Amino acid sequence: KAGVTQTPRYLIKTRGQQVTLSCSPISGHRSVSWYQQTPGQGLQFLFEYFSETQRNKGNFPGRFSGRQFSNSRSEMNVSTLELGDSALYLCASSLEIYNEQFFGPGTRLTVL
Amino acid sequence: AQKITQTQPGMFVQEKEAVTLDCTYDTSDPSYGLFWYKQPSSGEMIFLIYQGSYDQQNATEGRYSLNFQKARKSANLVISASQLGDSAMYFCAMRELNQAGTALIFGKGTTLSVSS
């Protein structure tokens, strides 16, 4: 069974631009979560989706948004990029919301 | 509010030795799940082991076992017979199961270095 895939793997953007990250969960998994990982803040929760509905949202500004499609694939969008948005963005999927989450390889975003 | 604490920034162990990575948590929810993940330098998070708050026995998965002490609110990961490939960052995580709107939260992590 294929694992969680994330595209792109690496991204370089400049301040003020916007970016869209994509995540394809493991087949059959209905829940997708997103995390931001930085050396200073560690792993921080962004969003959680289940059956196309946002179930939870972390403490991030409104520039961060996401959605989940009917096939469980998810996208995350960050508008008006800031230098501090440089991070590894990890997507994870699980069968149901409370099951163990399986992570993708991440998208490394660099904002210049 | 739920909280996870990993007090060991780094641990060093020799091959074939056992090592314990500490994790303490805080929650008022009697129903919760505890998870351990491994993150090698490549960046991908790898699920290792799960312990439910109502599980009577400590979880084990191959060389990994979870030393669950509910009264002390600790969930330490024990890796037996360490291998060079175990060198990585290890994260403890928790999720409350009765509270709506909660998410999986992670500790700051412990870097494990295994030497030959």
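Proteins get letters first, then strands, A, B, ... in listed order; numbering begins at 1 in each. Since this is a predicted model, take the numbers as computed values, not measurements.
Looking at B:Phe35, the atoms closer than 4.5 Å to chain A (heavy atoms on both sides) all sit in the side chain, from C-beta outward. Contacts of A:Glu48 with chain B are made by side-chain atoms alone, with heavy-atom separations under 4.5 Å and no backbone atom involved. For A:Phe45, the part sitting under 4.5 Å from any heavy atom of chain B is the side chain, from C-beta outward, and nothing else. Proximity to chain A (any heavy atom under 4.5 Å) is restricted, for B:Gln39, to the side chain, taken from C-beta onward.
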A:Gln41 and A:Thr38: CA distance, side-chain angles, deciding distance, side chain to side chain donor-acceptor pair (under 3.5 Å) verdict:
CA-CA 5 Å; A:Gln41 298 297 319; A:Thr38 59; 5.9 Å; no
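The aromatic rings of B:Tyr37 and A:Phe103 sit perpendicular, their planes meeting at an angle over 60°, well past the 30° parallel limit. Aromatic ring pairs are classed by plane angle as parallel below 30°, tilted from 30° to 60° and perpendicular above 60°; the pair B:Phe91 and B:Phe106 is perpendicular.
Between B:Phe47 and A:Phe102, the ring centre distance stays below 6.0 Å.
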